[in-house]
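Predicted, not measured: the structure shown is a model, and the values here were computed from it.
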Amino acid sequence: MNIITIAWLTIPFFIGFVIYLLPKLDKYLALAVTFVSAGYALQLFLEKSPLQLKLLDNFGVQVVADQLGAYFILTNALVTAAVIFYCWHSGKSAFFYSQMIILHGSINATFICADFVSLYVALEVSGIAAFLLIAYPRTDRSLWVALRYLFISNTAMLFYLVGAVLVYQKHNSFVFDGLKGAPPEALALIFLGLLLKGGIFVSGFWLPLTHSESETPVSALLSGIVIKASILPLLRCALVSDDLGTIVRIFGVATALMGVSYAIFEKDTKRMLAFSTIAQLGFILAAPEVGGFYALTHGLVKSSLFLIAGSLPSRNFKELQSKAIDPKIWIALVIASLSISGFPLLAGFGAKVLTLKSVAPWQAIPMNIAAVGTAITFAKLIFIPRGQKQEVKPGLWPAVILLIGGLIIANVVYLDAYSIESIIKAVGTIAIGWLIYVLIIKRLAIALPRAAEQFDHLVGVMTLTLIVLFWMALATGTHT
């Protein structure tokens with residue numbers, strides 16, 4: 001299995017180079033890589049114990065492939081494959097597919113890293129590949145959005161790297177377990193880098209512009225899988241000790257509530273989906289032990305919603321209320337929206353039930369409020385009128401069928417969710433959300449301020465987040 005793991009890690013980078021040499025095979029080679037990743041993830045689910053592979057013993061550089069990481073790897077495979085199907089007839093160049101597969105490989109690497117230095121390398125490579133995909137259209141707007149993303153990403157990684165050096169200085173090792181006895185400034189800097197990169201809480205105000213202004217397939221990649229490159233390391237850190245787990249859970253609750261608050265009142269479809277991504281990342285962090293399953297269902301739902309949103313006649317919800325959309329598009333929107341809202345028969349139901357059962361008692365009320373907020377948010381898509389047929393990109397339906405099919409099959413992960421109590425609670429939560437939307441939210445015209453998304457304010461938020469993290473590290477005593 002060790003040889004298979006090394007081969008699986010290196011294949012995407014090799015294929016990324018081969019695509020340049022054989023541009024006529026770009027789509028086929030890229031798709032083949034996603035099949036390999038999906039197969040590797042399924043194999044990990046069958047392994048009884050985690051696979052550990054030490055690369056540099058003296059420095060604690062190692063990889064760990066386990067079932068938690070398998071959920072993320074499978075998400076990466078399915079989302080990337082769906083985006084390839086979507087772009088199949090779009091005329092994208094070999095450069096696009098090459099960067100997509102390099103991004104796929106670097107994201108996979110982050111999911112099995114068990115030390116801070118190899119994770120740093122993987123996150124940097126993924127950041128550069130994502131930057132090149134965002135800038136692919138070469139318009140002034142796309143270049144600015146890409147450069148803005150690259151600045152945030154590199155700044156986050158600079159903080160992170162300093163924290164990683166402090167951990168090594170303390171333990172002569174880069175392993176995640178080194179956080180237990182590391183100085184508080186090390187914890188603050190590492191977490192700041194991961195929170196910024198992952199778009200968590202107020203550190204995520206860079207995310208809505210980046211995800212909403214990118215091309216449709218790139219938005220699906222960013223929200224479906226790229227953003228999760230920093231989330232799994234946070235989950236692994238949370239499992240190191242109870243104190244670290246508490247910090248991650250606090251940020252999970254705060255992120256979920258903040259994300260739904262903005263998503264509920266957002267008037268732009270893609271920005272609403274981006275804010276919803278922030279909220280759903282909060283659900284993943286709120287219950288670190290079971291975050292993998294929620295990450296899988298969210299990745300499938302959100303990438304499908306971004307792909308479908310690219311085919312809507314407008315991004316403005318008010319305009320969509322007066323423009324009937326194609327019934328087939330509406331059905332796909334409803335299925336994905338019901339899944340993320342936690343409706344039975346779709347994997348989002350099992351993931352939400354499992355997450356809410358796994359949260360600490362102090363998290364229960366705010367997380368259930370966030371669940372209602374999610375139902376309110378996606379009622380805006382469900383209640384769009386339908387009727388007129390329209391032309392869509394030929395690659396849309398293969399991509400959406402793959403993703404929604406995954407949501408149906410993934411039900412088998414947690415069949416225990418299908419109790420009478422859980423079903424009634426889920427349906428009741430969605431019904432309450434829809435009622436609030438129809439009776440209150442739909443009639444309001446509240447425009448939330450965007451000042452926090454401005455470039456200079458993003459820098460200020462980094463400083464404030466660092467101070468809060470340093471205080472939390474001291475308060476929980478993780479450095480002792």
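Judged as a side-chain hydrogen bond (donor to acceptor under 3.5 Å, both in side chains), and not counting sequence neighbours, S322 has no contacts. Listed by chain and number, the residues in a ring pair (Phe, Tyr, Trp, His ring centres under 6.0 Å) with F111 are F72 (sequence neighbours excluded). Y414 pairs by the side-chain hydrogen bond (donor to acceptor under 3.5 Å, both in side chains) definition with nothing, not counting sequence neighbours. Checked against ring pair (Phe, Tyr, Trp, His ring centres under 6.0 Å), F96 has the following partners two or more places apart in sequence or in another chain: Y136. For S314, the side-chain hydrogen bond (donor to acceptor under 3.5 Å, both in side chains) partners are E319, not counting sequence neighbours.
From M367, atom CE reaches atom OG1 of T374 across 8.0 Å, with rounding to the nearest 0.5 Å. Annotation: the span from S142 atom OG to Y149 atom OH amounts to 15.0 Å, rounded to 0.5 Å.
Below 30°, between 30° and 60°, or above 60°: for F95 and Y20 the angle between ring planes is between 30° and 60°, a tilted geometry.
Formation of a donor-acceptor pair under 3.5 Å by the S339 side chain with backbone atoms of A336 is not found in this model. Looking at K27, its side chain never comes within 3.5 Å of a backbone N or O of K92 through a donor-acceptor pair. No side-chain donor-acceptor contact under 3.5 Å links T216 to the backbone of L307. Between the K228 side chain and the N76 main chain, no donor and acceptor come within less than 3.5 Å of each other. When atom types are taken as modelled, the side chain of D26 and the backbone of I19 share no donor-acceptor pair closer than 3.5 angstrom. Between the Q363 side chain and the A286 main chain, a donor and an acceptor come within less than 3.5 Å of each other. With hydrogens and angles ignored, the 3.5 Å screen pairs a side-chain donor or acceptor of S341 with a backbone N or O of S337. Side-chain atoms of W206 never come within 3.5 Å of backbone atoms of S153 as a donor-acceptor pair (strictly under, hydrogens ignored). Although no hydrogens or angles enter the test, the distance criterion places no donor-acceptor pair under 3.5 Å between the side chain of S422 and the main chain of Y418. Of the possible donor and acceptor atoms, none in the side chain of W330 sits under 3.5 Å from a partner among the backbone N and O of I325.
The closest side-chain heavy-atom distance from I227 to L222 is not below 4.5 Å. A 4.5 Å side-chain heavy-atom check between T5 and I112 finds at least one atom pair inside the cut-off. Annotation: side chain of M157 is in contact with side chain of Y160 (closest heavy-atom distance under 4.5 Å). Annotation: side chain of S203 is not in contact with side chain of M462 (no heavy-atom distance under 4.5 Å). Contact annotation: the side chain of I152 approaches that of L458 to within less than 4.5 Å [non-hydrogen atoms, C-beta and beyond]. When side chains are defined from C-beta on, F201 does not count as touching L195, because their heavy atoms never get closer than 4.5 Å.
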Under 3.5 Å, which donor-acceptor pairs link side chains of residues 289-297 to any protein atom two or more places apart or in another chain?
unit_1: E289; atom_1: OE1; unit_2: R249; atom_2: NH2; d: 3.0
unit_1: E289; atom_1: OE2; unit_2: R249; atom_2: NH2; d: 3.3
unit_1: Y294; atom_1: OH; unit_2: Q280; atom_2: OE1; d: 2.4
unit_1: Y294; atom_1: OH; unit_2: K352; atom_2: NZ; d: 3.3
unit_1: T297; atom_1: OG1; unit_2: Y294; atom_2: O; d: 2.9

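In this model, a donor atom of one side chain and an acceptor atom of the other lie less than 3.5 Å apart for K302 and S276. Between the side chains of T277 and H211, no donor-acceptor pair is found at a separation under 3.5 Å.
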Taking it one step at a time, do T110 and L119 satisfy side chain to side chain contact (heavy atoms under 4.5 Å, CB included)?
CA-CA 6 Å; T110 66; L119 177 62; 3.9 Å; yes
